[in-house]
Amino acid sequence: MRIALKIAYDGSKFYGFQRQPGLKTVEGEIIRVLQKLDVIESPENANFKGASRTDRGVSALGNVVAFNTENPKLAQPRVLNHYLRDIWVLGVAQVPDDFHPRFWAKSKIYRYYLIDEGFDVNAMKECARLFVGTHDFSAFARVEKFKDPIREVNRLEIISRGDLIIIEIEGKSFLWEMVRRIVTALKLCGFGIVGTEDIRKMLEGRTDKKLPPSPPENLVLWEIKYENATFQIDEYSLRKIKQEFFERFSSFLVKAGMFKDWLSYL
């Protein structure tokens, strides 16, 4: 039987998603627990695959992994979450034997969170519109050898929420650092340092200027959409996860309030 898991994780606790010898990674921790519970013998025998190999520091609310198992009863959220730390299994699905979480994905949604430093949000939205569609994103990515730099962005939204600005971008696939470099461009647009003509030139290859990627810690792989995978949510696990998220949120909110008062006082 082939099983897919929808997973969330705090990227600040790991050296990225992909397995690396001697380092704590998301993939490595999931495989360790699956082997401990005899859900899989090895990642190779189980054809273990991940949808997105997020970089170090990047978090996820909706990444997906899949594997073959003869012991599906233990591949359940409430069991796996008991053994995982800083990784949460949100749902489980039985999928076809040839299911590959990366190749079967219809689109991926990322969110990047910014503190509003006085950005011109309208200017950011104007620049954001230029990225939608099919373009050569060589100027906005670290392009690996033999990788096609042509990508399609289906949607790019700038959302103001109090002191925060959320940049949400959706597409079928993204190049390495593509989202974080687009975020840098939008930040510069918001400060008036870069304009729409600069973005057009970069998308059309009329300049060899490249912008650095924004920090990975504010980036979240929000969701991956599939047509043939319906994840079953375990209500007990969901309640436990919400409680843990609330506890972390409360801790950070109090700390943020404290520093906000310090800034006001000084």
Side-chain angles (χ1 to χ4, degrees), residues 1-14 16-17 19 24-43 45-54 58-97 99-102 104-111 113 161 166 168 219-255:
M1 180 183 294
R2 189 153 181 80
I3 296 292
L5 302 177
K6 183 178 181 180
I7 58 170
Y9 48 86
D10 179 353
S12 67
K13 307 294 185 181
F14 302 94
F17 178 85
R19 278 171 288 166
K24 184 181 178 182
T25 69
V26 176
E27 185 180 48
E29 286 299 294
I30 293 171
I31 289 171
R32 179 186 65 79
V33 168
L34 291 175
Q35 289 179 310
K36 178 184 178 73
L37 296 172
D38 291 325
V39 176
I40 66 172
E41 180 182 342
S42 71
N45 289 343
N47 191 22
F48 185 98
K49 302 293 182 185
S52 183
R53 295 177 294 179
T54 51
V58 177
S59 297
L61 187 66
N63 207 343
V64 174
V65 299
F67 51 87
N68 300 330
T69 180
E70 295 180 0
N71 196 6
K73 289 185 178 179
L74 290 179
Q76 299 299 319
R78 67 174 65 191
V79 176
L80 299 174
N81 288 335
H82 179 74
Y83 293 93
L84 291 166
R85 296 292 177 269
D86 302 308
I87 302 171
W88 300 272
V89 178
L90 302 180
V92 59
Q94 184 176 344
V95 292
D97 292 341
F99 176 83
H100 193 298
R102 178 157 60 97
W104 283 42
K106 295 302 178 184
S107 70
K108 296 178 182 178
I109 299 173
Y110 284 91
R111 282 188 176 184
Y113 291 79
R161 186 188 294 168
I166 301 167
E168 184 169 290
L219 181 62
V220 178
L221 173 55
W222 190 255
E223 184 182 358
I224 301 177
K225 294 181 178 179
Y226 297 94
E227 285 185 355
N228 300 315
T230 302
F231 291 92
Q232 302 299 316
I233 306 300
D234 180 86
E235 292 300 328
Y236 171 81
S237 295
L238 194 59
R239 287 195 300 272
K240 297 275 287 185
I241 291 167
K242 282 183 175 180
Q243 180 62 33
E244 188 170 348
F245 284 0
F246 179 76
E247 290 170 0
R248 296 191 183 207
F249 166 74
S250 301
S251 175
F252 282 112
L253 187 61
V254 169
K255 185 74 75 174

Could you check whether any side-chain heavy atom of F17 comes within less than 4.5 Å of a side-chain heavy atom of T25, counting everything from C-beta outward? no
List for me each residue that meets side-chain hydrogen bond (donor to acceptor under 3.5 Å, both in side chains) alongside Y110, sequence neighbours excluded, and say none if there are none. S52
What one should report as the nearest heavy-atom pair of N81 and I87 is OD1-O, 4.2 Å
Please confirm whether the backbone N or O of N47 pairs with a side-chain atom of R2, one donor and one acceptor, at under 3.5 Å? yes
Could you check whether any side-chain N or O of Q76 sits under 3.5 Å from a backbone N or O of P72, counting only pairs where one atom can act as donor and the other as acceptor? yes
Knowing that exactly one of V92, L34, I7 qualifies, which makes a side chain to side chain contact (heavy atoms under 4.5 Å, CB included) with L80? L34
Could you give all pairs that pass the salt bridge (charged side-chain N to carboxylate O under 4.0 Å, His left out) test and reach residues 73-88, with sequence neighbours left out? R78-D234, D86-R248
Indicate the atoms forming the closest heavy-atom contact of T69 with I3, along with that distance. CG2-CG1, 3.8 Å
Is there a side-chain contact between K49 and R102 (heavy atoms, below 4.5 Å)? no
Just by modelled atom types, is the R19 backbone N or O under 3.5 Å from a matching donor or acceptor in the E27 side chain? yes
Can you check whether V64 reaches F231 side chain to side chain, under 4.5 Å on heavy atoms? yes
Can a donor-acceptor pair be found between the side chains of D10 and S12 at a distance below 3.5 Å? yes
Nearest 0.5 angstrom please: R111 CZ to E168 CD, how far? 4.5 Å
Can you name the side-chain hydrogen bond (donor to acceptor under 3.5 Å, both in side chains) partners of D97, sequence neighbours left out? none
Please test K108 against E223 for side-chain contact (heavy atoms from CB on, under 4.5 Å), starting from the C-alpha separation and ending with a verdict. CA-CA 6 Å; K108 296 178 182 178; E223 184 182 358; over 6 Å; no
Side chain of K6, backbone of I233: donor and acceptor closer than 3.5 Å? no
Looking only at heavy atoms, what is the nearest atom pair of A75 and L5, with distance? O-CD2, 4.0 Å
Take atom CD in Q35; do more than 12 heavy atoms of anything else shown fall under 6.0 Å from it? yes
Residue pair N68 / M1, side-chain heavy-atom distance below 4.5 Å: no
Holding to ring-ring contact (aromatic ring centres under 6.0 Å, His included), I want the full list of residues that pass it with W88, two or more places apart in sequence or in another chain. F245
Taking the side chain as every heavy atom from C-beta outward, state whether L221 and L61 have any pair of such atoms under 4.5 Å apart. no
What are the two closest heavy atoms between G50 and P101, and how far apart are they? C-CG, 3.7 Å
With sequence neighbours excluded, what pairs up with Y226 under the ring-ring contact (aromatic ring centres under 6.0 Å, His included) test? F99
Provide the closest heavy-atom pair for I241 versus L90 in the form atom of the first, atom of the second, distance. CD1-CD2, 3.6 Å
Gap between atom CH2 of W222 and atom OG of S59 - 0.5 Å precision: 11.0 Å
Residue pair V220 / V58, side-chain heavy-atom distance below 4.5 Å: no
Verdict with reasoning, V89 to L84, per side-chain contact (heavy atoms from CB on, under 4.5 Å): CA-CA 9 Å; V89 178; L84 291 166; 3.9 Å; yes
Check whether any side-chain N or O of S251 sits under 3.5 Å from a backbone N or O of E247 as a donor-acceptor pair, and report yes or no. no
Sorted by chain and number, sequence neighbours left out, side-chain hydrogen bond (donor to acceptor under 3.5 Å, both in side chains) with E29 holds for R32
Would you call the rings of Y9 and F14 parallel, tilted or perpendicular, taking 30° and 60° as the class edges? perpendicular
